[in-house]
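In what follows, every chain begins at residue 1, and chains take the letters A, B, ... in the order their sequences are listed.
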There are 2 protein chains.
Amino acid sequence: MTARKSLSQRLLRGDLMAAACPSREVLRHVTSRWGVLVLIALESRTCRFSELRRMIGGVSERMLAQTLQWLERDGLVSRRALEVVPPHVEYSLTPLGRGVAAKVRVLADWIEENTARIADGWVAAG
Amino acid sequence: MTARKSLSQRLLRGDLMAAACPSREVLRHVTSRWGVLVLIALESRTCRFSELRRMIGGVSERMLAQTLQWLERDGLVSRRALEVVPPHVEYSLTPLGRGVAAKVRVLADWIEENTARIADGWVAAG
DNA sequence: CCTGACACTAACATTATTGTGCGTACTTAC
DNA sequence: GTAAGTACGCACAATAATGTTAGTGTCAGG
C-alpha cells in the first residue's frame with residue numbers, strides 16, 4: 001500500500017515549462033482533441049459511451065474509448081460497468097475531474113463566444 | 001472591404017460539440033501542445049522568439065514558429081519585427097489573446113497544482 | 001578567422017493521433 | 001430472420017503533428 005499522502009503530493013508543484021515534468025502528460029490528455037469535449041460533456045451529467053459519442057460530433061468510437069481511458073487513468077473520469085446485457089457503462093467525473101472540467105469549460109465558453117470574432121480575421125486576411 | 005462587424009460576429013456563437021464548427025480549429029490552436037505554453041509565457045510579458053524558446057522547455061524552433069503563426073492568424077498574438085541587424089522580433093498578446101490566455105492560465109495552474117495527486121494514481125495502479 | 005546569436009524557412013524523417021472496418025455476444029424491435 | 005443497438009478491442013491505413021538537420025545574412029566578440 002502507498003502512503004495516504006505522498007511527499008510529492010504535499011510538497012511539489014508541477015512545472016509545465018519544464019520538458020520532463022509529468023504535468024505535461026496530464027496537459028496532453030486534458031487538452032487532447034477529444035479530452036476537452038469529453039470533460040465538458042461529462043460536466044453536465046453522467047453519460048453512457050454511446051451518449052457521449054452522439055453528443056460529441058465527429059468523434060470515432062476508437063478515439064472516444066482511447067480518450068476515456070486516458071482520463072480514467074488520470075483519475076479524472078470514473079467508469080462504472082453494469083453487468084447486464086446489452087452492456088451498460090456509465091462514465092462520470094471524479095471530484096478531481098470536476099475540478100479540471102470547470103476550468104476547461106471556462107476556456108471552451110470563451111472560445112465559443114469569440115470564434116466569430118476570430119474567424120472574421122481569417123476572411124479579412126484571406 | 002468587409003463590414004465592420006459581420007453578422008456572424010454579432011449573432012452566432014460557436015458550438016464545440018459540432019464537428020464542422022470553426023471553433024474546433026481555434027480550440028486546436030489554443031490547446032495545441034505548445035499553444036498553451038506560448039500563451040502562458042506571453043501572458044507574463046512580451047517576449048522575443050529566442051526568449052520563448054528558452055522559457056518553454058523542449059520546444060523546437062520549428063514548432064515554436066509554427067505555433068506562433070497559428071496564434072497570430074487567430075489574432076491572439078501580435079508580431080512586431082524591428083528592422084535591425086541582428087533581427088529583433090517581439091511577440092505579445094493582443095487584447096483577444098489576453099482573454100484566452102487568462103483562461104488557459106487558470107487551467108494550467110490547476111494542472112500544476114494537481115499533477116502530483118494524479119501521478120500518485122499512476123504509480124499506485126502501475 | 002571562427003563562432004555564436006538572431007529569427008526564422010525548407011526538406012526530410014519520425015512519431016502520434018486519428019480514422020476505418022471488422023468482430024464480439026446478446027437482445028429487442030421490425 | 002434480419003437489422004440495430006451496446007461497448008468496446010484489434011489490425012491496418014492515413015493523416016497530422018512534431019522533431020532533426022541544414023541553411024540564410026549580418027554582426028559582435030574572442
Side-chain angles (χ1 to χ4, degrees), chain A residues 16-22 24-39 41-42 46-74 77-92, chain B residues 16-22 24-39 41-42 46-74 77-92:
Chain A
L16 283 170
M17 292 302 175
C21 183
R24 283 276 177 94
E25 182 113 354
V26 178
L27 181 69
R28 292 197 75 165
H29 296 162
V30 169
T31 63
S32 70
R33 180 164 185 185
W34 308 112
V36 173
L37 303 178
V38 165
L39 289 172
L42 290 180
T46 293
C47 295
R48 300 181 57 174
F49 185 87
S50 54
E51 282 178 331
L52 285 170
R53 177 143 161 63
R54 280 187 295 265
M55 288 168 75
I56 302 173
V59 71
S60 67
E61 296 194 349
R62 179 171 168 355
M63 272 301 105
L64 181 56
Q66 174 82 268
T67 304
L68 284 166
Q69 283 164 14
W70 286 338
L71 298 177
E72 199 193 347
R73 288 203 48 165
D74 290 351
V77 162
S78 74
R79 190 190 116 110
R80 195 165 68 107
L82 307 184
E83 290 294 333
V84 295
V85 127
H88 184 112
V89 182
E90 288 181 350
Y91 290 94
S92 55
Chain B
L16 282 170
M17 292 303 175
C21 183
R24 284 278 177 92
E25 182 112 353
V26 178
L27 181 70
R28 291 194 78 163
H29 296 163
V30 169
T31 63
S32 69
R33 180 162 187 187
W34 308 112
V36 173
L37 303 178
V38 165
L39 288 171
L42 290 180
T46 293
C47 294
R48 299 181 60 174
F49 185 87
S50 54
E51 281 177 330
L52 284 170
R53 179 144 160 61
R54 280 187 293 265
M55 288 167 77
I56 302 173
V59 71
S60 66
E61 296 193 347
R62 174 168 162 14
M63 272 301 105
L64 181 55
Q66 174 82 267
T67 303
L68 285 166
Q69 282 164 13
W70 285 337
L71 298 178
E72 198 192 348
R73 279 204 209 104
D74 291 349
V77 162
S78 74
R79 190 189 114 109
R80 196 165 69 107
L82 307 184
E83 291 294 334
V84 295
V85 123
H88 183 111
V89 182
E90 287 180 350
Y91 290 94
S92 54

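Within the 4.0 Å cut-off from OP1 or OP2 of D:dT6, at least one side-chain nitrogen or oxygen of A:R54 is found. Checking the phosphate oxygens (OP1, OP2) of D:dT6, no side-chain nitrogen or oxygen of A:R48 falls inside 4.0 Å.
Regarding A:Q66, its CD atom lies at a distance of 9 Å from the P atom of D:dG9, rounded to whole Å. In this structure, B:E83 atom CD and D:dG25 atom P are separated by 16 Å, rounded to whole Å. If you measure from atom CG of B:L82 to atom P of C:dC8, you get 11 Å, rounded to the nearest angstrom. When rounded to the nearest whole Å, the span between CE of A:M55 and P of D:dA7 equals 14 Å. When rounded to the nearest whole Å, the span between CZ of B:R79 and C1' of C:dC8 equals 8 Å. Following rounding to the nearest Å, B:R53 (CZ) and D:dT18 (C1') show an atom-to-atom distance of 13 Å. Straight-line distance from the CD atom of B:E90 to the C1' atom of C:dA7: 13 Å, rounded to whole Å. When the P atom of C:dT18 is taken as reference, atom NE2 of A:H29 falls 11 Å away, rounded to whole Å.
A:A41 and A:M55 make their closest contact through CB-CE, 3.7 Å (heavy atoms, listed as atom of the first residue, atom of the second, distance). Considering every non-hydrogen atom in both A:V89 and A:R79, the closest pair reads CG1-CG, 3.7 Å.
Ring geometry, B:W70 versus B:H29: the interplanar angle falls under 30°, so the pair is classed parallel (tilted spans 30 to 60°).
Residue B:Q69 holds its CD atom at 10.0 Å from CG of B:L64, rounded to the nearest 0.5 Å.
Although no hydrogens or angles enter the test, the distance criterion places no donor-acceptor pair under 3.5 Å between the side chain of A:R80 and the main chain of A:Y91.
With C:dT9, D:dA16, D:dA7 as the candidates, the nucleotide lying closest to the side chain of A:P87 is D:dA7. Closest to the B:A65 side chain, of the nucleotides D:dG5, D:dC8, C:dT9, is C:dT9.
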- Query: Where do B:R24 and A:L37 land on the side chain to side chain contact (heavy atoms under 4.5 Å, CB included) test, with the steps shown first?
  - Reply: CA-CA 10 Å; B:R24 284 278 177 92; A:L37 303 178; 3.5 Å; yes
- Verify side chain to side chain contact (heavy atoms under 4.5 Å, CB included) between B:L68 and B:L52, making sure each step is shown before the conclusion. CA-CA 10 Å; B:L68 285 166; B:L52 284 170; 4.1 Å; yes
- Query: Which letter, B, S or -, goes with each nucleotide of nucleotides 19-24 of chain C from 5' to 3', with contact meaning a protein heavy atom under 4.0 Å?
  - Reply: BB----
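Counting non-hydrogen atoms under 4.0 angstrom, A:Q69 reaches the backbone sugars and phosphates but no base.
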